[in-house]
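Below, read A as the first sequence line, B as the second, and so on, with proteins coming before strands; counting in each chain starts at 1. What you see below is based on every heavy atom in this structure, not just the backbone, and it leaves out hydrogens, waters and symmetry mates.
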2 protein chains.
Amino acid sequence: MESQDLRKVGLKVTHPRVRILGILEESGGKHLTAEDIYRELLAHEDDIGLATVYRVLTQFETAGLVLKHNFEGGQAVYELDRGHHHDHMVDLDTGKVIEFTSEEIERLQREIADRHGYVIEEHSLVLYVRPKRKR
Amino acid sequence: MESQDLRKVGLKVTHPRVRILGILEESGGKHLTAEDIYRELLAHEDDIGLATVYRVLTQFETAGLVLKHNFEGGQAVYELDRGHHHDHMVDLDTGKVIEFTSEEIERLQREIADRHGYVIEEHSLVLYVRPKRKR
DNA sequence: ATTCTTGCAAACGTTTTGCATTAAT
DNA sequence: ATTAATGCAAAACGTTTGCAAGAAT
């Protein structure tokens, strides 16, 4: 029951919030823009404004329910935070987003930050890739 | 002589282009926004429009003279491309940008992309950090 | 003389906000 | 009843564009 997730983070259980959370859950881990979600709502005759979609997504981000990414300059994309940290690879030809993790890279990052007298608060690693030529 | 750099990449040597290139060179590797450059121009009574700054920066990027980064959602920042690839660390308290390189991380990235059947075209690695507590 | 570049103002796409109304507790 | 959330339209933000005027070759 999504209502519990919302209560847990101190947000009132409203129709827009439940629906948006639901759409993110059903998206199968896809990365959605605010507009994607807005259109999905319209398609189901939910009368929810685009401004509300943005407001709710921002609240979800603050609450730690979703992650926001600014891939290529355009729109931000959102995904449910399922707790497993991962980085992203974007296929430049198809726009497909592939998730990956590398404990090795994470370790090196911490090491580098440490060497400069810092602690990592957050990081963003995105590889923009193209399919390797078959041979 | 910056004029040569411009000619070399097929751009007419105009006042705005020379000045903007000059500002980037004098910036000591700092990352500047289009507005930063625009204000710097105004301060020196150069009557160059903000639109021109954007146009010139885009041309410079296309020509491979500058690199453009989209750190946190806000404005894009530009820096001269001095040919040495590097990644960035952003001090969240001061906004200071520190450059670093790690051949080890680069190698791991290529390895991961390869494992998924891809070749890296480009990548973006940014660490958002805070000073380590003194003890 | 020709071609490219500029300045300005207006347009753009994404995201945020003010405010009166409505819904959740 | 109280407090917070919503819809809408308007504003904000960074950036891009159309076009007539000006500068570089």
- Round to the nearest Å and state the distance from B:Y38 atom OH to C:dT6 atom P. 15 Å
- Protein-nucleotide distance (B:L41, atom CG; C:dC8, atom C1'), rounded to Å: 16 Å
- Would you say the side chain of A:I98 lies within less than 4.5 Å of the side chain of B:Y118, judging by non-hydrogen atoms? yes
- To the nearest angstrom, how far is A:D47 atom CG from D:dA9 atom P? 12 Å
- Query: Quick one: is C:dT16 close enough that its OP1 or OP2 comes under 4.0 Å of any side-chain N or O from A:Y54?
  - Reply: no
- Note on the structure: Of the listed D:dG7, C:dT6, D:dT17, the closest approach to the A:T52 side chain comes from D:dG7
- Query: Can you tell me how far C1' of D:dT15 sits from OH of B:Y78, to the nearest Å?
  - Reply: 8 Å
- Taking atom C1' of C:dT15 as reference, at what distance in whole Å does atom CD of A:E61 sit? 13 Å
- Message: Checking contacts here: which listed nucleotide (C:dC8, C:dT6, D:dT25) is nearest the side-chain heavy atoms of B:V13?
- Response: D:dT25
- May I ask you to say what B:A76 touches in the nucleic acid, namely base, sugar-phosphate or nothing, with a heavy-atom cut-off under 4.0 Å? sugar-phosphate
- Message: Need to verify one output field. Residue with the more 5' nearest nucleotide on DNA chain D, B:A34 or A:Q59?
- Response: A:Q59
- Message: Measure CZ/B:R19 against P/C:dG7 and give the value in whole Å, please.
- Response: 12 Å
- Kindly point out which of D:dT25, C:dT25, D:dT6 is positioned nearest to the side chain of B:R7? D:dT25
- B:T14 vs D:dA24: side-chain N/O to OP1/OP2 distance below 4.0 Å: no
- Query: What is the distance from CD1 of B:I20 to C1' of C:dG7, rounded to the nearest Å?
  - Reply: 13 Å
- Do A:H85 and A:H123 have their ring centres less than 6.0 Å from each other? yes
- Task: Assign A:R17 to base, sugar-phosphate, or nothing according to its heavy-atom contacts below 4.0 angstrom with the strands shown.
- Result: sugar-phosphate
- Query: C:dT3, D:dA9, C:dT25: which one has an atom nearest the side-chain heavy atoms of A:K12?
  - Reply: C:dT25
- Message: Looking only at the side chain of A:T58 (C-beta and beyond, no hydrogens), which of the listed nucleotides C:dT16, D:dA4, D:dT17 gets closest?
- Response: C:dT16
- Item | B:K132 side-chain N/O to A:D114 backbone N/O, donor-acceptor pair under 3.5 Å | yes
- Start at the 5' end of DNA chain D and walk down; is the nucleotide closest to A:G10 or to B:L50 reached first? A:G10
- Message: So, taking the atom named CG in B:L21 and the one named OG in B:S3, what distance separates them when rounded to the nearest 0.5 Å?
- Response: 9.0 Å
- Task: Return yes if a side-chain donor-acceptor contact under 3.5 Å exists between B:H86 and B:H84, otherwise no.
- Result: no
- Item | Flag for B:H15-B:D46: side-chain donor and acceptor within less than 3.5 Å | yes
- Task: Quickly work out the A:D46 CG to D:dC8 P distance and round it to whole Å.
- Result: 13 Å
- Message: Let me spell it out: for each of B:L11 and A:R55, pick the nucleotide of DNA chain C with the closest heavy atom. Which residue's pick is nearer the 5' end?
- Response: B:L11
- Query: Quick one: which of C:dA24, D:dG7, C:dC8 gets closest to the side chain of A:I48?
  - Reply: D:dG7
